[in-house]
Amino acid sequence: MAPVAVSPEPEPAVSNAATRSLSSVTTAFDDTLRFYLNGTRVTIDDIDPEITLLEYLRGIGLTGTKLGCAEGGCGACTVVVSQYNPTTKKIYHASVNACLAPLVSVDGKHVITVEGIGNVKRPHPAQERIAKSNGSQCGFCTPGIVMSLYALLRNDSSPSEHDVEEAFDGNLCRCTGYRPILDAAQTFSVDKACGKSKANGGGGCCMDNGNGKSGGCCKDGSKDDQPIKRFTPPGFIEYKPDTELIFPPPLTKHEFRPLALGNKRKRWYRPVTLDQLLEIKSVYPSAKIIGGSTETQIEIKFKDMQYTISVFVGDIPELRQFAFKDDHLEIGGNVTLTDLEAIALQAVGHYGAVKGQVFAAIHKQLKYFAGRQIRNVGTPAGNLATASPISDLNPVFVASNAILVEKSLDEETEIPMTQFFKGYRRTALSPDGIIASIRIPIAKEKGEFFRAYKQSKRKDDDIAIVNAAIRVSLNDANVVESADLVYGGMAPTTIAAKTAGEYLIGKKFTNPATLEGTMNSLEEDFDLRFGVPGGMATYRKSLALGFFYRFYHEVLSNLDVKEGEVDDEVVEEIERMISLGKEDTDSTIAYQQEVLGRANPHVAALKQTTGEAQYTDDIPVQKNELFGCLVLSTKAHARITSVDYSPAMDLPGVVERLDHTDMPSPEANRWGAPVCDEVFFAVDEVHTTGQPIGIILADSAAHATAGARAVKVDYEELPAIFTMEEAIEKSSFFEHSRYIKKGDADSAFETADHVFTGVTRMGGQEHFYLETNACVALPKPEDGEMEIFASTQNPTETQSYVAQVCDVSANKVVSRVKRLGGGFGGKETRSVQLTCIVALSAKKTGRPVRCMLNRDEDMITSGQRHPFLASWKVAVNKDGKLQALDADVFCNGGWTQDLSGAVCDRALSHIDGCYLIPNVHIRGRVCKTNTMSNTAFRGFGGPQGIFIAEQYMEEVADRLGMPVEKFREINFYKPGEETHFNQSLKDWHVPIMWKQVMEETKYEERREAITKFNATHKWKKRGLSIVPTKFGISFTALFLNQAGALVHIYHDGTVLVAHGGTEMGQGLHTKMVMIAAEALKVPMSDVHISETATNTVANTSATAASASSDLNGYAIFNACAQINERLQPYREKLGPAASMKKLASAAYFDRVNLSANGFYKTPDIGYTWGPNTGQMFFYFTQGVAASEVEVDTLTGDWTCLRADVKMDIGRSINPSIDYGQIEGAFVQGMGLFTMEESLWFRGGPMKGQLATRGPGAYKIPGFRDIPQEFNVSMLKGVTWENLQTIQRSRGVGEPPLFMGSVVFFAIRDALKAAREQYGVKAVVGSDDKGDGLLRLECPATPERIRTSCVDPILKRAFVKPQEGERSFFIAI
């Protein structure tokens, strides 16, 4: 974000005292950058010292490389940097985050971008296969994914399946669910990995198990020199490695010269020898040393750190060497982490598995350390110098008693790693010293054991919650001679458990009392308080104990002890197999037409994989254009006492500032749908952090950001409300209030056999579309006209509010959308805020204005999925039949209402799930709090309502002592029965799909197998679940259920279609092209959709509610029908084989109109709240999903072993698109219910601000989080008699999202087994809140999973809050 702070006066880059010394040191330094870009030589003399590679590439028009997060966490900016590697002495093609890489770092290297490897006419095989395999939806992440695959292929043209599976650990995608990307990438793989490896599903190869022979592997005996035969799937371009871009020959002779770049304010140096570096450090000790820049760029961009002198050390060969010594491995401080992975494996081979235990531990930690792009540039020295308390490598260095070699110009010093960390982010490194190398001792031949552990929110590319490295050395009698238990994440620095370490000395390790005593000592070492910084006190403490428990038994398993003393099962950690999956490709055969019903890739997929697809911020910069940066509030609720813009206006490049005083009237400052209760700019008071106060305009984005940071805002803080519980207690609600009442619930509660009560709570979810909100506003010279290019789902609302703030009529404003890099509802209303501020800026200055929010700004301004809280009461009879439901439902709306009322309404309409409940009384309220205004998100309250339903079904089944699968079946709706809002269920297929999924997945057999597994496994538990869904399709606001379209046919027979929907990756344009092609009997290639714009189709509804294909499809069909009617005489005259070119030409010369305006409105709907009358939805999309998980109850880690999803989406228009929507929605839903957690700071300098911002803190599912086996199918073999939609298809965008909850319920099933082994379970027939019923809150994060367990380790780790003590974070 852009924090409000006063920037210090710019100081000279070098103090006068040091100028002459530094000058003499760097006299011979060059100031010219030389590198190759996509095969072409580039020379730059005048360079901004702080510019990143991404800023340079986009600045010269290579916009295929995207900005997704600016912190190296999403991979959208991935490029390949080919270079001679001084460590391996080979050419290496490194995938790199261009958003972090300083431009100076590419000197002497070859930069390859997505544009450099292929284009639409001649795509690279990687680009083509991802496109044709449906691996690109919104496409914003796609260039980065393509380049990660390209880097893999350049380094190994015959990668193994395992190599492919791990190649994308630094890339994120929010649309596809990853399966089609992996399928495309696996077409390049060959089966050459060790079949025994855990990664490939085996029991472990010699390298995995640490018992390989010195110098080799079990595969050594089976090597042959036969070339690997590669199979090219039909329809794909053959991959020929010898046709790739060569490494430019001149670079093999490139002389790396020392560089000195910059200006009076900031200087960058790039020494190429160790002596040059030490000389610079000697005269300027405070110079910032930069290796991979993975930490520095984040400090500069998000923490506003200013470094006047920066020294890039990535090109000093002396710091990138390694050597195997007799008793230690010495690695250069600047060896990249990727090279360190390989060196660690070599070291295991060189020293043997026993002596090389430390190196096996290093390799294990690096496997899940950040993403490949970070490991390609990050270094151990950087890890050590930043002194992160959660570094994965630092505990290994400390526990192994490594020695750090520090060098300065005058001396070389050896620093034991045990003495290196002095406090939070403080080390023993001298001001003028650098980390030259690290000496890592080998383990003893006998009696020494070393292991490392890590637990994080997500397996790949995530920072640790807690990590550890543990070493013990035993004598022949198994008595402990020395011990090091070193942890990260338990204190402000990497810390040794001293009490535990001292306790172990002299103890017989095999004595069970030793384990108990060590655990007691660890409790003393880590006596965390409840409100500890970082939170999760119980969980972190349990991990510290659990890691040692695992280590203890792993060591015992290697000693000669009695059977039964070793807890063998706790030793193994969860490992994934190579993922796989299948789609039912025959599902549409029965109703395929010429075009409709057939599988076709996304029409823009190839443009997206080649980087040619244009997004809002890719639009070329206009002459005289300004860049905007918002000034945002830093307080959750406060009066603004003063705003001082003068410090900003004095900065170079800053041109103008705007705030509420620039609005044409106070009324023009108000906005919001449907209630105008929000302001574009704060006036006297702010009601949430991230609320816009003003905007700074400058000649560059960097200058605008600096200006926004310089604005000084003074506040008088006011009381703030964050949680729903607080809002309920203080009666802080919006006026919106709804209820649904059917039957007589009160009487049913009196007569039912059982009445059970409960509370269901679920958190929100960040949209995390890869393209943040962006806008370009172009003011026109006449009549106040304005042209808006925005990343929005709602062009018409954008047009309306831009007209309001610019004080012109709507017909003077054109709102255009080419495509969005993802939306998911987050750009339905919230995009309007930024667009209108930018439009007002353009009007005031008369110049084009552009603004693209950074990831932090987007997350704190744009709102999330609504958190929900429901207090429910259910009546049920002994036979399991539901009798009544009473519920109070609350959602957290944030500080303004936005769409919260409609979201709450939809939750109420879905709270029945798929179950008949004769008597219902439910009420819904929207809580008013001081968080960002929450908004639409895929499902729009539906998933929350159905989750409440499935939660009470689970808990009531437990109370009845009945399998929940049976309880669900007993209560399913039957065809024709009515919902609680009195809508009859037509084309009701949930019971059919339930039966099919049960049979196809062999559910009952697997249930038996899981019961047996859980009976024989103490720490690993498996769970199984099957869950149905129904999702109502229609906007609940009746007037929105309409759409328009415009169809033109040109002389050459080609067709141009415009409609009201926006393309955001969901394949809407693809389906619309297919509908037009089928209706007009022309090939798809002859139909084009250029954009969505308000001057072609007016008064559009937002692209939302899963209704866009229904609405716009029928509008297009209507327009085509009009044209077909006009062309009918010519078809009869020219014959059925006549081309559209002939038909159109003949009609034109007869003066027949070849354009038509189509329109459609959804029939039969119109519900009235209160009386509970009328039809709420046009139809219901339905589905059933089953899932199996395995949970490591010692750590809370888990994996989804298998998921099967079957959806009833009617007759699919395009199964490729629809499968993509199902898979993507499922994985997004899995994230909602298991992983994605939003937290706010309770106190401190960032009190009231969102803590989980950006990919570093907010974790969405990655490539290796998806189900290991992922099978998807569509219902077939039925008729849809009552479905009156286009092609009889059903909406598919939102309904599958809830299917991801099946993973949550499978985890719950596993946890029930874990608790039952300790005698903790629900009491049948009781509603006692103190019994063993499992109440699992959503999301089921590893922390919640672990703290739901009841084993002795968890109990002894439990941290109780002291009186008045509160948690570090707030979950709203």
Side-chain angles (χ1 to χ4, degrees), residues 633 636-637 671-675 677-678 686-692 720-728 732-736 738 761-769 773 793-794 823-834 857-870 889-908 924-945 947-948 1036 1102 1104-1105 1228 1231-1232 1236-1240 1248-1253 1258 1294 1297 1338-1339 1370-1372:
S633 65
H637 190 199
W671 73 288
V675 181
D677 62 346
E678 190 161 355
V686 293
H687 300 272
T688 182
T689 58
Q691 187 178 345
I721 295 171
F722 293 99
T723 68
M724 293 174 282
E725 290 85 352
E726 288 175 293
I728 293 165
S732 179
F733 299 109
F734 291 101
E735 287 184 14
H736 184 93
R738 296 281 204 211
R761 197 185 202 282
M762 67 178 290
Q765 184 181 28
E766 165 59 32
H767 300 87
F768 216 98
Y769 29 68
N773 274 286
Q793 295 171 235
N794 207 337
F824 312 114
K827 297 173 181 175
E828 183 175 344
T829 58
R830 305 310 301 169
S831 59
V832 169
Q833 176 176 266
L834 176 68
E857 290 166 339
D858 193 278
M859 290 182 75
I860 65 173
T861 60
S862 65
Q864 300 189 350
R865 184 187 298 279
H866 291 72
F868 265 71
L869 177 70
V889 179
F890 303 93
C891 71
N892 192 330
W895 80 279
T896 64
Q897 189 162 320
D898 193 77
L899 299 172
S900 301
V903 168
C904 190
D905 293 352
R906 186 169 278 265
L908 295 183
R925 296 298 304 268
V926 180
C927 298
K928 185 175 184 178
T929 62
N930 295 109
T931 69
M932 73 282 267
S933 190
N934 289 321
T935 190
F937 195 150
R938 194 178 204 165
F940 201 79
Q944 293 98 316
F947 179 75
I948 295 166
T1036 45
Q1228 197 173 63
L1232 164 66
E1236 299 178 43
E1237 184 177 33
S1238 293
L1239 299 168
W1240 275 253
Q1249 295 190 33
L1250 179 67
T1252 46
R1253 59 179 81 173
Y1258 185 86
E1294 294 169 292
L1297 183 131
C1338 170
I1370 303 169
I1372 67 166

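Just the heavy atoms: all of them, side chains too, but no hydrogens, waters or symmetry mates, feed the values below.
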Could you tell me if the side chain of [Y] sits less than 4.5 Å from the side chain of [X], heavy atoms only?
X	Y	value
L1297	L1232	yes
Q1228	F824	yes
F868	V903	yes

Could you walk me through whether T723 and T929 pass side-chain contact (heavy atoms from CB on, under 4.5 Å), step by step?
CA-CA 7 Å; T723 68; T929 62; over 6 Å; no

Minimum heavy-atom separation for [X] and [Y], please, with both atom names.
X	Y	result
R906	T1036	NH2-CG2, 4.3 Å
F722	G1248	CZ-CA, 3.5 Å
V926	G893	CG1-CA, 3.8 Å
A720	E726	O-OE2, 4.4 Å
C904	C891	CB-SG, 4.1 Å
R865	F937	NH2-CD2, 3.3 Å

Any donor and acceptor pair, going by atom type alone, linking the side chain of [X] with main-chain N or O of [Y] inside 3.5 Å?
X	Y	answer
D677	Q897	yes
S732	K928	yes
Q793	K827	yes
R1253	L1250	yes
Q944	G941	yes
Y1258	E766	yes
N794	T829	no

Using 0.5 Å steps for rounding, measure from the [atom1] atom of [X] to the [atom2] atom of [Y].
X	Y	atom1	atom2	result
D858	F768	CG	CZ	9.5 Å
N892	S1238	CG	OG	11.0 Å
L869	I948	CG	CD1	8.5 Å
T935	D898	OG1	CG	3.5 Å
T861	M932	OG1	CE	8.0 Å
T688	W1240	OG1	CH2	8.5 Å

Yes or no on side-chain contact (heavy atoms from CB on, under 4.5 Å) for F890 and I728, after CA distance, side-chain angles and deciding distance?
CA-CA 9 Å; F890 303 93; I728 293 165; 3.7 Å; yes

Decide whether [X] and [Y] meet the rule of one side-chain donor and one side-chain acceptor closer than 3.5 Å.
X	Y	answer
E1236	Q765	yes
N773	S831	no
T896	E678	yes
H866	S900	yes

Report the C-alpha separation of V675 and F734 in whole Å, then their side-chain angles, then the decisive distance to 0.1 Å, and conclude whether the side-chain contact (heavy atoms from CB on, under 4.5 Å) test is met.
CA-CA 11 Å; V675 181; F734 291 101; over 6 Å; no

What do you reckon, are the aromatic ring centroids of Y769 and H767 less than 6.0 Å apart?
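For Y769 and H767, the ring centres are under 6.0 Å apart.
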
Should the pair R925-E735 be classified as a salt bridge under the 4.0 Å nitrogen-to-oxygen rule?
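No, R925 and E735 are not salt-bridged.
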
Step-by-step side-chain contact (heavy atoms from CB on, under 4.5 Å) determination, W671 to Q833
CA-CA 8 Å; W671 73 288; Q833 176 176 266; 3.6 Å; yes

